[in-house]
Number of protein chains: 2
Amino acid sequence: MGHKRATIKDIASELKLSPSTVSKALRDHPNIGVVTKERVKRLAKQLHFVPNQTAIRFKQQRSFTLGILIPSMLDHFYVAAVEGFEKFAYDNGYNVLIGQSHESLQREKELLLTMQSNRVDGLIIAISRETVDTTHINEFVRSGIPIVYFMRKPINEEYHCVCSDVYAGAIDAIAYFVSLGHKRIGFINASSFWTTSRDRFLGYRDGLIQHGIPFDKSLVQESDFTQESNFHAMRRLMQLNTPPTAILSFKDQVMLDALSCLRREFPSKADSIALIGYGANPMIQYLERPPLASLKEQPYEIGQKSGLLLLDLVNHPRTDYEPQLVKLPCKLQVFSTLKQR
Amino acid sequence: MGHKRATIKDIASELKLSPSTVSKALRDHPNIGVVTKERVKRLAKQLHFVPNQTAIRFKQQRSFTLGILIPSMLDHFYVAAVEGFEKFAYDNGYNVLIGQSHESLQREKELLLTMQSNRVDGLIIAISRETVDTTHINEFVRSGIPIVYFMRKPINEEYHCVCSDVYAGAIDAIAYFVSLGHKRIGFINASSFWTTSRDRFLGYRDGLIQHGIPFDKSLVQESDFTQESNFHAMRRLMQLNTPPTAILSFKDQVMLDALSCLRREFPSKADSIALIGYGANPMIQYLERPPLASLKEQPYEIGQKSGLLLLDLVNHPRTDYEPQLVKLPCKLQVFSTLKQR
DNA sequence: TTGTACGCGTTATCAA
DNA sequence: TTGATAACGCGTACAA
């Protein structure tokens, strides 16, 4: 039953005013009379006038839209980041366009084009697993749209980035392991192209060294996050001549699969192996025998801060190149005390 | 380092052609010469020309954007629906604007305005818990934008809707309980304003009746999904003179909290009480002693079908009022066989 | 096969 | 305090 949508023109002609007057009145422009404003607003309401953002965007040459590119919304961690980003964006009058790469480089490239085509005013991006070359991203930036990396940043790019301080987190995790008497500590990591993997690794290695434990390459495995890959990494660790008694994992998902693997394939050892992951997944509370601990990150805040930094770049385009690097702390959250036993 | 963005005009003047020729050439319009097309496309590529969707939208009086309004992205179930919807939308050349009501009516109203302001071509919506009056939604529809309810539909509205066949699901659950010897079966439901609650309830009641079990009002509790509320509902059931031996829950989240409640507060009975929820949350696989079962729904497909139905409404505006009701089956997924014991 | 003219809804600028 | 005009980038009907 669509009554035709009212426009500024409709209001103007009805009130025998000019469109520009109406436009100003609606936006409370100072040099419009109070009486006129009142008349305009009354009629606007009556006609259910809703400003046409489409036209405004076009006119203003700004989309008032910010883009966010994540691997997947099925990952609770990124959803939290989207939430933080979205909240910030909405509070500042921006819409958000979400894209999911599903870890595909091809999809990432397409989405970047979509973003460009939609003239997003800025973009934050957590690169896909396949993104080892960043030509497409650099081209995007060269087209004039500022970006901020978040969570994952290519290891060979110096650019604005907001992420967790996973290095310090790993240091903490190792210290906790050691305090419980562990000396043989394994590590399941992810793509070595991300700084967030490298930093975890450095923290792991430096943590060991700090406690006088020699670094042993065979204790480090890599996974691509599929259940299969997680299981595989765990198996290789357990099949060492001297398997680890403690394992740090890139993220909770990996840790949970590692735990499943232990329970299914190495049940006799399952309870003696200490596990720490990243993320503090809320579902862990439902486990009767939870893993040892998890490094709680702050994805929501990372989303917010990314938005803040991005909007700054949007509003104050810099020609000088001084990459901002923001790191938010992780906090070790211990679950074992929650055990009923 | 933004080289100014190239427009159709730039290409035209560079090639001494008219903008309209360029426009047509870029879109492979039949009556443009092959040679011209080639020249145009070459230069377009060279100048990194990306069509300005903002202008196209404005010109076409269509946003090529579909809206989706959900309670929260923290709920895995709705994320899956978003995925399905998004996939469908992208495949059909549409963007997606996501809004989260966080179960707030106020927020829902604001988001509806945002959607209207952005001139989305259509919208699918799962109403908030607070939405007992639908004036704002009806007004939205009256403004000319078609909508499709999904998952949750107001009980007093006859309108297009895509959701799970939760009635049949409840019937199946009850039948399964009965087959295991249960006769005293409880139910934790949600807002009675949604058809999806009513249908669960009817399935629960009819299921009981089918097996000759009298309906007992005291066995039905309501929860608002907060952990506190879930625990409270569970406690009330357990504190009955004759507590249930089996409980159907509105969704897995409720069931998991119910399970926690049992283990913490009624440990002696915890293992003898059979639980079934809705959703088949993938995290359940990590539980050592999982609940009995869950009704696996098809949120991804619901998202897709909602998109399909919506796009049909967008492209073929109907004046005649014939609400479509699409129901997708639930499938009982049994977890107990996964138990290690 | 190509070009011209116009308009979509809004706002900025300048004139009245 | 208000109004007229132009412009944003594109697509389309129609003219050449």
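Values in this document were obtained by computation on a predicted structure and should not be read as measured data. Atom set for the values below is all heavy atoms of this structure, side chains included, hydrogens, waters and symmetry mates excluded.
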Item checked: Audit row: Asn52(B), Thr7(B), side-chain contact (heavy atoms from CB on, under 4.5 Å) steps and yes/no -> CA-CA 8 Å; Asn52(B) 188 338; Thr7(B) 73; over 6 Å; no
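Residue Ile8(B) contributes atom CD1, which lies 14 Å from atom P of dC8(D) at whole-angstrom precision. The separation between Ile56(A) atom CD1 and dC8(D) atom P is 18 Å, rounded to whole Å.
No engagement by Lys37(A) is indicated, since no non-hydrogen atom pair under 4.0 Å with the nucleic acid exists.
Look at Gln53(B) and you won't find any side-chain N or O under 4.0 angstrom from OP1 or OP2 of dG9(D). The side chain of Ser18(B) places an N or O atom within less than 4.0 Å of a non-bridging phosphate oxygen (OP1 or OP2) of dG3(C).
Residues passing the side chain to side chain contact (heavy atoms under 4.5 Å, CB included) test with Gln116(B), sequence neighbours excluded: Val50(A), Leu113(B), Phe140(B), Ser143(B), Ile145(B).
The bend of the helix from dT1(C)-dA16(D) to dA16(C)-dT1(D), defined by the angle between the axes of its first five and last five pairs, stands at 40° to the nearest 10°.
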What nitrogen or oxygen pairs link the protein and nucleotides 12-16 of chain D at under 3.5 Å?
unit_1	atom_1	unit_2	atom_2	d
dT12(D)	OP2	Arg27(B)	NH1	3.4

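When distances run from any side-chain atom of Gln61(A) to the nucleotides dC8(D), dT2(C), dT10(C), the shortest one goes to dC8(D).
In this structure, Phe58(A) does not count as stacked on the base of dT10(C) under the 5.5 Å centre distance and 30° plane angle limits.
When Glu103(A), Glu157(A), Glu108(A) are each tested for a salt bridge (charged side-chain N to carboxylate O under 4.0 Å, His left out) with Arg152(A), only one passes: Glu103(A).
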